[in-house]
Structures are given as structure tokens and as C-alpha cells.
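Okay, structure first, notes after.
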There are 2 protein chains.
Amino acid sequence: MLKYEMIVNDLQKRIMNEEFEENHKLPTEEKLIEEYKVSRNTIRNAIKILTNLGIVYSVQGNGMFVRAPKKKGTVYLNSTRGVTTDNPGNKIINKLLDIQVIETDEKLSQQMNCKLGTPVYYLKRLRIVDGVPYALERTYYNKDIVPYLGKEIAEGSIFRYLKDDLKLSFGFADKYLTAIKLSKEDAQLLNLNENDPAIMINDNIHLSNGLLFNTSNIIYNYQTTNFYSVAQ
Amino acid sequence: MLKYEMIVNDLQKRIMNEEFEENHKLPTEEKLIEEYKVSRNTIRNAIKILTNLGIVYSVQGNGMFVRAPKKKGTVYLNSTRGVTTDNPGNKIINKLLDIQVIETDEKLSQQMNCKLGTPVYYLKRLRIVDGVPYALERTYYNKDIVPYLGKEIAEGSIFRYLKDDLKLSFGFADKYLTAIKLSKEDAQLLNLNENDPAIMINDNIHLSNGLLFNTSNIIYNYQTTNFYSVAQ
DNA sequence: TAGTGGTCTAGACCACTTT
DNA sequence: AAGTGGTCTAGACCACTAG
């Protein structure tokens with residue numbers, strides 16, 4: 001693991017263990033340099049990442065501070081963390097409602113930035129957290145990049161499969177949010193009523209080489225989910 | 001102006017002028033070092049900022065690329081840009097519906113991280129873009145930090161007043177998003193119907209010393225507004 | 001193999017806050 | 001005045017991509 005990654009993880013653990021609860025202050029850069037035996041830039045890189053995640057903030061001439069913790073069930077928009085991380089300690093079930101291989105039509109090929117007729121997996125999943133419908137997800141995976149995707153994978157963690165088994169390396173994701181009225185069918189699946197409000201996210205995940213491999217529409221239960229974003 | 005700030009601004013201009021349209025590729029780091037006569041780290045810092053804004057992305061061993069442009073009317077969640085920047089070229093009217101000085105009750109003083117009874121400005125504004133109701137905003141400003149706020153300021157750009165006249169320096173903002181059903185009164189103001197969906201953002205803006213000086217609830221018209229966020 | 005971005009180091013000086 | 005984070009430089013070596 002890279003040095004700065006190790007430091008990010010370690011500091012996150014130390015923050016969760018409430019090591020800096022007293023005055024919410026982290027050790028100074030100088031102390032962190034000694035503790036981790038790295039250069040100043042490496043410390044600053046790690047702190048920058050924690051800042052972008054909304055976990056700490058820095059004040060020139062004063063110090064670095066732990067931010068107020070976020071509520072459980074909050075979706076972090078600035079990182080691709082996955083439902084498991086957003087809902088720590090809760091039981092997550094993925095109900096597969098549909099899975100098939102189709103060829104992209106004009107609209108989808110444009111959206112996925114691939115040739116017309118490219119084979120893609122289409123998945124429809126209902127994600128359930130502690131027995132309560134959490135989100136309804138419709139996802140397309142480019143089959144050139146994800147050659148196989150089965151029921152057994154779709155009901156577990158697709159994320160882990162892509163990362164660990166297919167060794168895909170994620171780059172960045174574009175997320176577009178809108179408020180919508182629920183259709184009758186979607187409302188039924190989410191245990192809500194037709195025309196109830198919902199937040200729909202159009203999520204476009206790119207590999208680290210910039211290729212888009214996945215586009216999905218996720219409709220969230222407005223009663224149980226809220227979203228968090230940091231602006232700098 | 002700082003070097004990296006200048007480079008960020010200049011590259012943004014060059015991107016908007018479609019200088020890199022041919023293959024969406026930016027000059028290499030080495031070329032940018034020559035062009036701007038700065039060190040590699042300064043270039044990399046500037047590029048990092050543009051990456052976090054969702055404007056460019058980098059591919060190791062290959063190059064740096066311009067991202068697809070976002071639609072107009074899209075609110076960028078990762079930066080505090082203001083309505084004017086999110087709606088370039090459109091006419092923006094701020095209708096002041098209420099303005100008063102009150103003292104914080106328990107709930108508000110906790111939310112604003114200040115003492116009970118602290119005087120705060122309360123403003124209610126309807127923001128209108130090209131004649132169409134865009135957002136309904138209820139904001140509290142800590143009067144210890146913003147000693148004066150008048151009608152004439154509230155109907156113009158409060159943001160500019162705080163930055164240029166009061167010389168406040170913004171640090172970071174926490175944004176919490178939820179989907180809600182519109183109340184009857186709010187719906188009327190936004191030219192929508194009761195129980196229509198809306199996105200409500202609870203926006204907490206901090207100064208660069210970490211002090212929270214402003215908390216607001218903004219309700220957006222779901223028909224005209226969408227939101228954008230990058231995850232890395 | 002050459003080119004390009006990613007990680008890491010060491011050190012100088014500046015800007016701001018606290019004492 | 002002392003302490004702490006912010007900006008900037010110069011240079012080394014690594015990892016990945018493309019020809």
C-alpha cells in the first residue's frame with residue numbers, strides 16, 4: 001500500500017477511535033511527520049484527501065481539526081463508498097429483479113460513450129437495508145469490460161467482484177441528481193406511494209483510464225436516505 | 001493572486017475557449033511548466049483542483065483530458081459557486097420575502113454552533129432565473145460575523161458583499177440533501193403544486209478559520225434544477 | 001523504448017494565529 | 001516571538017501507456 005493511503009486509513013481509524021476527541025485537534029504536521037516517518041508533502045497529501053472527504057479541516061496558523069461526524073444512512077456523494085460503507089453494521093440484501101444482456105440503442109450508446117450495438121449487461125436490483133427498501137437500481141455494464149456477471153454476483157457485492165476478481169481500477173464518477181415523482185411500479189417496490197418524491201441519481205463510473213464502464217439510475221427512498229457533499 | 005490560482009483560472013478559460021477540443025487533451029505537465037514558468041508541483045496542484053471540480057481528469061502514462069461539459073442550470077455541489085455561475089447569461093432576480101433580526105433558540109444555536117440567544121439575521125428569498133422561480137431560500141447569518149445586512153444587499157449578491165466589503169474568507173461548506181414534499185405555501189411561491197417533489201439542501205458555510213457563519217435551507221424547483229457531484 | 005503522470009523527499013520562505 | 005499551516009521549488013525514482 002502507498003504511504004499516503006496508509007496514513008489516510010490510519011488517521012481515519014484514529015478519528016473513529018475518538019483519539020482526538022478532547023479538542024478535536026489533530027497532531028501538528030511536524031508531529032505526524034515524526035510519527036509516520038515521511039516527508040511533509042506526504043502528510044499534506046493525506047490530509048488533503050481527508051479534507052476532501054469532509055472528515056477534517058485545516059486552519060492556517062492554528063491547526064487541523066476533526067469535523068463533526070455524519071449521521072448513519074447518509075450517502076457520501078464525494079466518494080464511491082458503496083451501500084455497505086454508508087450503512088455500517090446494517091444488514092443489506094440485494095434482490096435481483098432482472099438481468100439480461102442487450103445491445104445498446106442510439107441513446108444508450110451515446111450515454112455510455114460506446115459503439116451502437118455494443119453488448120451490455122442490464123441489471124435491476126432492489127437494495128434493502130435492515131428489511132426496509134433503500135434504493136432501486138437500474139445499471140448497464142459494458143460487456144467489453146465486464147465479460148461476465150451472474151445472479152450469484154449480483155446478489156452479493158458487484159463492487160468487490162469488479163475490484164478483486166476482475167482487477168478493475170476505478171477512476172472517477174459523475175453523479176447527476178434530480179428530484180422525481182415515483183411511478184406506480186417503482187413506488188410499490190420501495191413501499192411508497194405513486195407520485196411520492198424521490199431522489200434519482202444518474203451515476204457514471206469511469207475506470208482510471210477514463211473509460212466509462214457503468215451507467216446507472218438509482219432511485220432512493222426519500223424517507224430513509226439523505227445525501228452529503230463537501231464544497232471547498 | 002497565487003500562482004496556482006492564476007493557472008486554474010487560465011486553464012478554465014482556455015477550456016471554455018475550446019482550445020483543446022481536437023482530442024480533449026491538455027498539454028503535458030512538462031509543457032505547462034514551460035508555459036507558466038512554474039515548478040511541477042504548482043502545475044499538479046492546479047490540475048488537482050480542476051480534477052476535483054470535475055473539469056479534467058488524468059490518466060497515468062497517457063495524459064490529461066477535458067471532461068464532457070455540464071448542462072446549464074446544473075448546480076455544482078463540490079464548489080460554492082453561487083446561482084450566477086451556475087446559470088451563466090441568465091437574468092437573476094432575488095425577491096426578498098422576509099428579513100429580520102432574531103435571537104437563536106436552543107435548536108438553532110446548536111445548529112449554528114453558537115451561544116443561545118446569539119443575534120442572527122433571518123432572510124427569506126425567492127430566487128428567480130429568467131422569470132421562472134428557481135429556489136426558495138431561508139438563511140440565518142450570525143450577526144457577530146455579519147453585523148449588517150440590508151434589503152438593498154439581499155436583493156443583490158450577498159455573496160459579493162460578504163467577500164468584497166466584509167472581507168470574509170470562505171473555507172468549506174457542508175451540504176445535506178434530502179427529497180421532500182412541498183408545503184402548500186412553498187409550492188405557491190415556486191409555481192408548483194402542494195406535495196410536489198423538491199430537493200432541499202441544508203447548506204452550512206464555514207469561514208476559513210472553521211467558524212460557521214451561515215446556515216440555510218434551500219428548496220429547489222424540481223422541474224428546472226439538477227445537481228452535479230464528482231466522486232474520486 | 002520513450003513519453004507521461006504518480007509518489008516521495010528535502011528545504012526555503014510566506015501568511016496567519018496564538019501567547 | 002513562537003508555532004502552525006500554505007505556497008513554491010528542484011530533483012529522484014516509480015508505474016503505466018503507447019508506439
Side-chain angles (χ1 to χ4, degrees), chain A residues 1-11 20 22-52 55-67 145 167-172 206-211 213 232, chain B residues 1-11 20 23-52 55-67 145 167-172 206-211 232:
Chain A
M1 193 181 318
L2 296 170
K3 288 187 184 182
Y4 75 88
E5 279 181 340
M6 193 278 285
I7 296 169
V8 165
N9 292 340
D10 193 60
L11 284 175
F20 315 117
E22 197 183 333
N23 50 6
H24 293 180
K25 209 165 187 172
L26 293 172
T28 64
E29 291 185 348
E30 203 176 3
K31 278 184 195 137
L32 291 175
I33 289 167
E34 285 169 25
E35 286 181 24
Y36 292 109
K37 305 286 178 209
V38 295
S39 75
R40 185 161 175 229
N41 277 346
T42 300
I43 292 295
R44 287 181 62 76
N45 188 14
I47 293 292
K48 190 67 179 293
I49 290 168
L50 291 171
T51 302
N52 287 335
I55 293 171
V56 305
Y57 67 92
S58 305
V59 179
Q60 188 172 11
N62 192 345
M64 305 183 290
F65 301 86
V66 177
R67 307 263 291 271
I145 300 172
K167 311 279 183 209
L168 294 181
S169 137
F170 301 101
F172 55 91
H206 302 253
L207 300 178
S208 52
N209 63 7
L211 272 182
F213 86 101
Q232 321 277 357
Chain B
M1 194 182 317
L2 296 170
K3 289 187 182 180
Y4 76 88
E5 278 181 341
M6 192 278 283
I7 297 169
V8 166
N9 292 340
D10 193 60
L11 283 176
F20 315 117
N23 50 8
H24 294 176
K25 209 165 185 170
L26 293 171
T28 63
E29 291 185 347
E30 204 176 5
K31 278 182 193 139
L32 292 174
I33 289 167
E34 285 169 25
E35 287 182 23
Y36 291 109
K37 307 285 178 208
V38 294
S39 74
R40 186 163 174 227
N41 277 346
T42 300
I43 292 295
R44 287 182 62 77
N45 188 14
I47 293 292
K48 189 68 180 290
I49 289 168
L50 292 170
T51 303
N52 287 335
I55 292 170
V56 306
Y57 66 93
S58 305
V59 179
Q60 188 172 11
N62 192 345
M64 304 182 292
F65 302 86
V66 177
R67 306 265 290 270
I145 300 172
K167 311 279 184 211
L168 294 180
S169 137
F170 300 102
F172 55 93
H206 301 254
L207 300 178
S208 53
N209 64 6
L211 271 183
Q232 322 278 356

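Each chain gets a letter, A, B and so on, in the order the sequences are listed, and its residues count up from 1.
Residues satisfying the side chain to side chain contact (heavy atoms under 4.5 Å, CB included) test with Leu2(B), not counting sequence neighbours, are Tyr4(B), Glu5(B). Under the side-chain hydrogen bond (donor to acceptor under 3.5 Å, both in side chains) criterion, Lys31(A) pairs with no residue at all, not counting sequence neighbours. For Ser169(A), the side chain to side chain contact (heavy atoms under 4.5 Å, CB included) partners are Ser208(A), not counting sequence neighbours.
Checked by atom type, the side-chain pair Lys3(B)/Asn45(B) shows no donor-acceptor distance below 3.5 Å.
The side chain of Thr42(A) contributes an N or O atom lying less than 4.0 Å from OP1 or OP2 of dT9(C). Checking the phosphate oxygens (OP1, OP2) of dT7(C), a side-chain nitrogen or oxygen of Tyr4(A) falls inside 4.0 Å.
Only Thr28(A), Glu29(A), listed by number, bring a heavy atom of residues 24-32 of chain A to less than 4.0 angstrom from any atom of DNA chain D.
When each of Gly61(B) and Asn62(A) is assigned the nucleotide of DNA chain D with its nearest heavy atom, Asn62(A) is the one assigned upstream, toward the 5' end. Residue order along DNA chain C, read from the 5' end via each residue's closest nucleotide, puts Val59(B) first among Val59(B) and Lys3(A).
Residue Ser39(A) has its side chain nearest to dC8(C) when only dC8(D), dC8(C), dG6(C) are considered.
With contacts defined as side-chain heavy-atom distances shorter than 4.5 Å, the pair Asn9(B)/Met1(B) qualifies. Residues Lys25(A) and Met64(A) fail the side-chain proximity criterion, which asks for heavy atoms closer than 4.5 Å. Contact annotation: the side chain of Thr51(A) approaches that of Gln232(A) to within less than 4.5 Å [non-hydrogen atoms, C-beta and beyond].
Considering all non-hydrogen atoms of both residues, Ala46(A) and Ile7(A) come closest at CB-CG2, 3.7 Å. Across all their heavy atoms, Glu35(A) and Pro27(A) have their closest contact at OE2-CG, 3.9 Å.
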Intra- and inter-strand pairing of DNA chain D, written as dot-bracket with Watson-Crick and G-U pairs under 3.5 Å and | for the latter, reads ||||||||||||||||||.

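Summarising the geometry, the separation between CG on Leu2(B) and C1' on dC16(C) is reported as 14 Å, rounded to the nearest angstrom. For Asn209(B) and dC16(C), the CG to P distance is 12 Å, given to the nearest whole Å.
In this structure, Tyr57(A) and Phe172(B) have tilted ring planes: the angle between them lies in the 30° to 60° band.
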Distances under 3.5 Å only, N/O to N/O: pair up the protein atoms with those of nucleotides 11-14 of chain D.
residue	atom	partner	partner atom	Å
dA12(D)	N6	Arg40(B)	NH1	3.4

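A distance of 6.5 Å separates CD1 of Ile33(A) from CZ of Arg40(A), quoted to the nearest 0.5 Å.
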